[in-house]
Amino acid sequence: MKDYQSDAVGDTLTELASARDFYRSASKRVSSVALTATTGAGKTVMAAAVIEALFWGNDEFNVTSDPGAVVLWFSDDPSLNQQTRHRLEQASDRLRNRLVTVEHPFRYPKLQAGHVYFLNTSKLSKNSLLVRGHDDANTLAGMQSHPDTVPFTFWDTLRTTIEDDDLTLYMVLDEAHRGMGKRPSDTPTIVKRLINGHSGVPPMPIVWGVSATVQRFEEAMNAAEVQSNRVHLGTVQVDPVRIQESGLLKDDIVLDFPAETGDFNTVLLRRGVRKVKALSAAWAAYAVEQADEPIKPLMVLQVPNKPAPAEVASAIDVIRDEWPELEADAIAHVFGEHTAQTFGAHNVPYVSPERVQDASYIRVLLAKDAISTGWDCPRAEVMVSFRPAKDETHITQLLGRMIRTPLARRVEGDDLLNSVECILPRFNKATASLVLEKIMGSDLMDSNSTGQRVLIDPQVMTANPAIPAEVWDQFTSLPAETLPRKHANPIKRVTSLAHALAADRLVPDAGKLAHERLHGVLNGLAAQYSKEFAKAVKDVLTVEGGTVRGQARHGLRRDEFWTEVADDRAIQDAYRAGARTITPDVARTYVEHLADDTEDEDAYRDANVRVAALAMLPQTRPALDAAADVISQEWLSKHRVAIKSLSESRQSLYAEITAMSTDPQLISMAVPKNRQEETKRSLGDTEQMLRTPSSPPSG
């Protein structure tokens, strides 16, 4: 995960732990928590990490598992649920066999711990077989029945799950795509019932909103008329500056539209094809330079909801004419019909949205507006929209799905490869400005604060060959700083650095060397704080308790204390708690170091006791963190020149490792390869050329 994602996961787990404690208290108060991040920030990746930690615990975040955790993932769109399920499978191997789509017949009287259940609005509508027979208040006597001999409804399943004291039901309210519901008269009612409870079904214990903005989550909760006794514990907001800084989103959004009135579909479609071909060549050149597989950029052709077959056929003719080397199977569609479509002489197959990214042979994708929901395709870098001018919202939504970078990182100094292009043949300057305003001011991205730019008809600038190499050498020596991390783990940082240095053969056995130095720190602490350490060992080896005795005849009370020798299970529990403090990797290698490959079980037992005791010393973790930081700084400084000679993808990895600190870290500037800049500015109905350093002032 990116650093901002890791921070958000940690904060969300803290809020959910509070929510669980809140519900498990005597008052059994229900609550809500929210996670909000802009489109493209990787909310599904973050959600997968949170769910994994709920099910299995996570030492990095110092979180123990919730053995009764059950997750109900709810949205109003079944296709969104399927796409979310697919992305959770990609993000987590451990969750793959734990994802269940709720379908009729659902024969489980109770939801199972350690599973994620996907549910959508239509499954809870009054005509759904899943819930038929639950509420027969308006049904004639004798007509009540459960369908297909299932003796309970899904509402009954929810009731028994919530009432089970061994289970904790977390409901994910996924309304990040467009708020809750395209059926405003029906959806809020269903969400209201689900969250607040009804007809004997208790309210949902914990509601976890995953949304693009705080406002969207609040609107969804208000629309569902959530009762005031549900306490909102906290909202985890991901800073859009950190998202943009991570390089996960493209820096520039380029808009093209005709400067005069008329039918320019064909002209601008050809322009779009030329752009995607130019990007293909640029990515191919970059791949050769980096000795890597090339990205194959995709062009999305967005058509109206009811496209004229002749118009689509004509567009495909233009594409094939402009791009004759395009393979026969390179064009596909994602229309709601889910079957191959015929447009004139062209037969265009259907591809499911979640497959588009990996199906790199597809280079042109026909889409309507449904693809704007829950879909991500980072290699989609050019969009030509045949939507009419009134559809600026649909265009903006789809553009918001195309802003992820193909490599999940920035290509340093290359504006062309860090941009997405949108061509609007049916828009004029006024309506294109509406798209501009929606992008600049919408929740898709906050360009004013993140440094993301929206450009209209920019020109690609390249470095001036007259500038001597010495200038660029000085440029790369200029200092720059990383953004500080909220939650930094120096031991994780040095471990990641060791793996990278070993993989690049810069420091063979780097992991072993780092851990040997950390083992030395642990040995030094045991010697320096010998009295405190001896007491901690004693605490690990004994279990203390108390007994209260009362004599009714004399009204006397006597408190007694006792100790017992800890058994192997108690020592293992103490070791696991200690390993979370000093990290599992360091704990494991320290035990191996102490036992020295012996077969003696007592040696391993003594090593486990030593780890548990050292972790109890308040000085241990700060000392390990300080030592890990020293090792990282030494290695990064010593191998700085060698790292700069590696491929850009490897340099990017080292940059991420460098940034894993609560303090800003010095990094080098990258030489710009090209830069996209506007050369003119609109002033009302006229255009004014922008000045260059060599041009005289106008007027």
Inset, instruction - May I ask you to say whether D629 pairs ionically with R493, meaning some side-chain N is under 4.0 Å from a carboxylate O? - result: yes

Legend entry - Any donor-acceptor N or O pair under 3.5 Å, side chains D251, Q244: yes

Inset, instruction - Run the salt-bridge test on R576 and D573 with the 4.0 Å N-O cut-off and return the result as yes or no. - result: yes

Inset, instruction - Please report the closest heavy-atom contact between D166 and D164, naming both atoms and the distance. - result: N-OD1, 2.8 Å

Legend entry - Under 3.5 Å side-chain donor-acceptor pair for D585 and Y590: no

Legend entry - Which atom of A49 lies closest to which atom of M1, heavy atoms considered: CB-SD, 3.8 Å

Legend entry - R621 vs I491, side chain to side chain contact (heavy atoms under 4.5 Å, CB included): CA-CA, chis, key distance, verdict: CA-CA 10 Å; R621 186 55 193 257; I491 299 176; 3.7 Å; yes

Inset, instruction - Indicate whether the side chain of D292 and that of Y286 have a donor and an acceptor atom separated by less than 3.5 Å. - result: no

Legend entry - T168 and R24: side chain donor to acceptor below 3.5 Å: yes

Legend entry - salt_bridge(E163, R159) N-O dist < 4.0 Å: yes

Legend entry - Atom pair OH (Y108) and OG1 (T161), whose distance is rounded to the nearest 0.5 Å: 12.5 Å

Inset, instruction - Identify the residue among V71, V45, V236, T12 that makes a side chain to side chain contact (heavy atoms under 4.5 Å, CB included) with V50. - result: T12

Legend entry - Rounded distance [0.5 Å steps], CG in L513 versus CD1 in I631: 9.0 Å

Inset, instruction - Find out whether T405 and L249 are in side-chain contact, i.e. whether some heavy atom of one side chain is under 4.5 Å from a heavy atom of the other. - result: no

Legend entry - Heavy-atom pair of closest approach, residues A48 and L88: CB-CD2, 3.6 Å

Legend entry - Salt-bridge criterion met for D602 and R605 (N-O under 4.0 Å): no

Legend entry - Ion pair R98/E52, N-O distance below 4.0 Å: no

Legend entry - Short N-O contact, D606 and R610, less than 4.0 angstrom: no

Legend entry - Heavy-atom pair of closest approach, residues A613 and V540: N-CG2, 4.0 Å

Inset, instruction - Heavy atoms only: give me the nearest L506-H639 pair and the separation to one decimal. - result: O-CE1, 3.7 Å

Inset, instruction - Take R94 and F55 through the test side chain to side chain contact (heavy atoms under 4.5 Å, CB included) and record every step on the way to the result. - result: CA-CA 10 Å; R94 302 176 80 182; F55 290 172; over 6 Å; no

Inset, instruction - Indicate the atoms forming the closest heavy-atom contact of L518 with A628, along with that distance. - result: CD2-N, 4.1 Å

Legend entry - N-O pairing of R409 and E648 below 4.0 Å: yes

Legend entry - Side-chain touch T14/V63, heavy atoms, less than 4.5 angstrom: no

Inset, instruction - Output yes when D174 and K43 qualify as a salt bridge under the 4.0 Å nitrogen-oxygen rule, no when they do not. - result: no

Inset, instruction - Describe, in one word, how the ring planes of H515 and H519 are oriented to each other, choosing from parallel (under 30°), tilted (30 to 60°) and perpendicular (over 60°). - result: perpendicular

